[in-house]
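I'd like to ask you about the structure that follows.
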Amino acid sequence: MHTLEFQYGQMIFSFLGYNLSFLAMTLLIYFFANLSRLLIPKYIVHLLACIPLIGIPLLNGYPYLFNISITQSEYWRVEERTLSFDLMFIIIALYSLTTLITFVVLSYRKMNGSLLYQREKRMMATIIRGSIVAAIWLVVTFVYTSFCGEISFFPIASLPAYAGMILAITLHIAMHKYNFLAAAERRYKLLFTLSSSGIALMNRDGIAVEANPAFRLLTAVSESQGEIDILAMIQHEDKDNYRDRLKKAFENRTILQNSQVQIRNLTGMSYIVEVNNDFLEIDGELYCYLLVRDITAQQLNEAQLIELAYNDPLTGLANRFQFNRKLWMAVDKINQQSNKVVVMQIDLDHFKWINDTMGHSAGDILLRHVAQLLQQYVPPHAVVARMGGDEFSIMIELAPDEGEEIAIGIANQILHAFEEQVVIVGKYYRVSCSIGICISPDDGEDSETLLRHADTAMYVAKRSGRNQYHLFTKQLKRLAEKHLLLQQGLENALHRGEFSLVYQPQVNSHTQQVFGVEALLRWSSPDLGIVSPVDFIPIAEQNGAIRQIGEWVMKEAAQQAALWIKQGHTDLQMSVNVSASQLSDPNFAKKVECILKETGLPAHLLCLEFTESEAIREEDQILKVCKSLVDMGIALAVDDFGTGYSSMRTITRFPFQFIKIDRSLIHDIGTNPRNVAVVRSVIELAQQLNMNVIAEGAEVEEQVELLSQLGCFQIQGYYYGKPMKAKDIERKLYRDLEENTRIDQAL
């Protein structure tokens, strides 16, 4: 600058020198921000870096405040600056150096304590020291040149500019001494070497010219064996076609993301790998960088999850979800191709007996045997599924000209196959099944309807004697529609107050006095009219509503019984029917106890009735509940005795106090000697077990007299009264109460 002509020196001083100084400060802030590796938002870095640029508009826009002039002194050219310019420049310079030092100090503190950054930490310490020296040099020399004159042997006005040289030399020493570029390269080399994913550099011929240890381990090619032929390991039938695809990929620089490829390495091991790639040009040659991850285990796990999601783990058949999905697809195809679809619902007969007597492991053996048998006797294209428990479903797609005959033929083959005995735990057993059949589109045009109709037909086959098939018919369709209406009506019947109770008296034939009543549920629907319990109770048990309904029945009956006690009928026993679903509830005994406390009904005046078939469902759990009820003082009665199982084991194991003889044995007791013998045996059994006997269904005087002769005096039936409303029962109770009063007065 001092060697230029005077007019050019003036321009260099004022316009280039300081303007470029401000720009250099901005660039240094950007450089140090990147060097520090601090996670600073970009907008903050931009804001901090651009502050020194404020000096440029101040210097050029306000020359009367920030004036610089050059004069020729005795020895050198000397800057003459205004005080405002000196202050402005010192502030900006100090701000820039402080910002630089702050970045470096924060980076140093971030690295402190980490063994991985010892080299970088020492480098940062060197830069900190050099930056502080440069800042001190700048301030001291700037102040010195402002107050001191010139000397002959050196232009002291240029001393502040050497702060930039100090900083530059410091950076140069720090980066070279501590091998900054090599440290960064070594870090990427470590990442390449230690990565668990395979990394390879592949040329146009499919040869990996460079590969990390993970990639070599996957391909079973050691480093001593040199380059790796990747194409030779890809499991693809047409190798030439694959090479053409690779060539086009290089030409178009096609980037693959999460592409899955199956490979076989030199040891013969097969893997499924996920490949990501990009292209890199090295010395004018194009290479493809591959990032390969072994996903074989992941694929196997996903396959197992799919297997669990779609297949039954016990039998290997399709499960309910897969069957419904395939049935939906088949039904959807009907509208396009006019095909037919046969749906069969199969339920094993008396399967629970094997589970209860032989154990669940024996039941599992039988279910696997049935699965194999069904697959053997259905067409190859049929879908066989286990829907749950001992229920199976079959779907068969038929041509437009096929139909009922094919379905019946397959059903007969299955029934015939079930005649063969099966060996379970060394013993021979014969099991039968009931089959319901429906055919789309005549019997339904959607999967849900078809399954429901096939289920309806299957239950008809069960009620008709089991071990047979039944086709869905229009009559069954009407029944199914009625069933659906009942199910929909039950959903809100309780909340809408459509249920009510009637009471049937239980009379002692010896004294002609009412000793108890049985509460019976009635449903009066505004849409369906009067609905019989025979129709809606099974539906309530299926959809789970029976628990809520049963709890309502018990509370209503208990409230009515408590009211009658207050009216003077202190010995009247209230009988309430409970279902297996209620008994299997672990909290059932507590709910009953709460109802008794709420209504004030003494526990010994409540009798709960349930059948033997309900008792053996979840027998241990129900037995536990029954013992809790008896401990509370509640009486238990086995209902409909003489039908169903009638197991002596059930009678002796459960704490029953009453046996109720089923009406089917009482109906023709006067004409059927065998029924007389059965009833006599039941009465004698009850006497031996110290239990009471109640005969249901007595309608005529002859039946009552015969029962009395046999020793059964507790009668319930139309002879003494039909189920009636509470007010009608009260009239009968009052007559009994008056009669008892007259007898007491006479005595």
Side-chain angles (χ1 to χ4, degrees), residues 503-520 571-578 604-616 626 630 634-724 729 732-733 735-736 739-740 743:
Y503 304 91
Q504 188 172 27
Q506 297 169 336
V507 179
N508 187 316
S509 62
H510 184 67
T511 63
Q512 299 299 311
Q513 299 293 311
V514 177
F515 68 88
V517 295
E518 180 181 358
L520 300 171
D571 295 327
L572 187 69
Q573 186 178 64
M574 176 65 72
S575 295
V576 178
N577 289 285
V578 294
H604 71 278
L605 293 180
L606 177 64
C607 178
L608 302 181
E609 301 180 6
F610 55 95
T611 63
E612 293 171 273
S613 59
E614 290 170 331
I616 66 171
C626 288
V630 171
I634 296 170
L636 300 181
V638 54
D639 199 10
D640 299 338
F641 191 81
T643 61
Y645 294 89
S646 297
S647 169
M648 290 294 296
R649 177 176 177 272
T650 306
I651 295 296
T652 56
R653 190 177 185 198
F654 281 79
F656 292 116
Q657 288 99 335
F658 290 88
I659 293 179
K660 297 190 74 173
I661 303 175
D662 186 67
R663 66 183 63 251
S664 63
L665 296 175
I666 306 301
H667 177 69
D668 56 354
I669 191 173
T671 58
N672 190 340
R674 292 189 175 185
N675 279 6
V676 175
V678 172
V679 172
R680 179 184 290 111
S681 299
V682 173
I683 295 171
E684 292 175 354
L685 173 64
Q687 291 173 349
Q688 293 293 326
L689 297 175
N690 196 25
M691 297 172 66
N692 296 315
V693 179
I694 301 176
E696 293 183 293
E699 299 180 357
V700 296
E701 185 178 359
E702 180 185 1
Q703 294 171 343
V704 174
E705 290 177 353
L706 184 54
L707 287 168
S708 297
Q709 293 173 11
L710 294 173
C712 178
F713 300 101
Q714 296 181 336
I715 310 296
Q716 178 180 341
Y718 282 8
Y719 179 76
Y720 287 111
K722 296 181 179 180
M724 59 190 76
I729 283 285
K732 190 173 183 63
L733 293 175
R735 287 197 297 268
D736 290 348
E739 180 68 23
N740 290 335
I743 294 173

- Message: Please give me the minimum heavy-atom distance between Gly697 and Gln703, naming the atom from each residue.
- Response: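 Taking every non-hydrogen atom into account, O-OE1, 3.8 Å.
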- Of all heavy-atom pairs between Cys712 and Ser509, which one has the smallest distance, and what is that distance?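 So the minimum-distance heavy-atom pair works out to O-OG, 4.2 Å.
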- How far apart are the C-alpha atoms of Val704 and Tyr720, what are their side-chain angles, what is the distance that settles it, and do they pass the side-chain contact (heavy atoms from CB on, under 4.5 Å) test? CA-CA 10 Å; Val704 174; Tyr720 287 111; 3.6 Å; yes
- Query: For the atom pair CG (Asn508) and CD (Gln513), what is the distance rounded to the nearest 0.5 Å?
  - Reply: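 It comes to 8.5 Å.
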- Task: Hey, could you give me each pair passing ring-ring contact (aromatic ring centres under 6.0 Å, His included) that has a residue in residues 669-713? Not counting sequence neighbours.
- Result: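 For residues 669-713: His510-Phe713.
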- Report the distance from atom CG of Asn577 to atom CG of Leu608, rounding to the nearest 0.5 Å.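 One finds 9.5 Å between CG of Asn577 and CG of Leu608.
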- Shortest non-hydrogen contact from Leu707 to Ile715?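 Distance-wise, the nearest heavy atoms are CD1-CD1, 3.6 Å.
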- NZ-OG1 distance between Lys660 and Thr611, expressed to the nearest 0.5 angstrom: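 These two atoms lie 12.0 Å from each other.
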- Passing option when Glu696 is tested against His667, Gln506, Glu518 for side-chain contact (heavy atoms from CB on, under 4.5 Å):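 When His667, Gln506, Glu518 are each tested with Glu696, the side-chain contact (heavy atoms from CB on, under 4.5 Å) holds only for Glu518.
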- Item | Gap between atom CG of Leu733 and atom OH of Tyr503 - 0.5 Å precision |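 Atom-to-atom, Tyr503:OH and Leu733:CG are 11.5 Å apart.
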- Task: Quick one: pull up CG in Asn672 and CG in Leu665 and give me the separation to the nearest 0.5 Å.
- Result: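 The distance works out to 9.0 Å.
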- Heavy-atom check, side chain of Val676 versus side chain of Arg680, under 4.5 Å: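 Yes, at least one pair of side-chain atoms sits under 4.5 Å.
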- Query: Quick check: does any side chain N or O of Glu609 sit under 3.5 Å from a backbone N or O of Val576, one acting as donor and the other as acceptor?
  - Reply: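 Not at all, since once roles are kept as given, no pair shorter than 3.5 Å links the two residues.
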- Message: Using the rule given for side-chain contact (heavy atoms from CB on, under 4.5 Å), can you reason through Gln687 versus Ile683, listing the C-alpha separation, both sets of side-chain angles and the distance that settles it, and then say yes or no?
- Response: CA-CA 6 Å; Gln687 291 173 349; Ile683 295 171; 3.8 Å; yes
- Message: If we ignore hydrogens and angles and just use 3.5 Å, is the side chain of Gln504 paired with the main-chain N or O of Gly721 as donor and acceptor?
- Response: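 The answer is yes, because a donor-acceptor pair under 3.5 Å joins these two groups.
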- What's the shortest heavy-atom distance between Val682 and Val693, and which atoms?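 Closest approach of Val682 to Val693: O-CG2, 4.5 Å.
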- Query: Is it true that Phe610 and Phe656 have ring centroids separated by less than 6.0 Å?
  - Reply: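 Yes, the ring of Phe610 comes within the 6.0 Å limit of the ring of Phe656, centre to centre.
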- Message: Within this structure, what is the CD-CD1 distance for the pair Glu699 and Ile666, rounded to the nearest 0.5 Å?
- Response: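 It is 11.0 Å, given to the nearest 0.5 Å.
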- Minimum-distance pair of heavy atoms, taken over all atoms of Leu706 and Ile669: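 Reported closest heavy-atom pair: CD2-O, 3.6 Å.
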- Closest heavy-atom contact between Cys607 and Gln573?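 Closest heavy-atom pair between Cys607 and Gln573: CB-CD, 3.8 Å.
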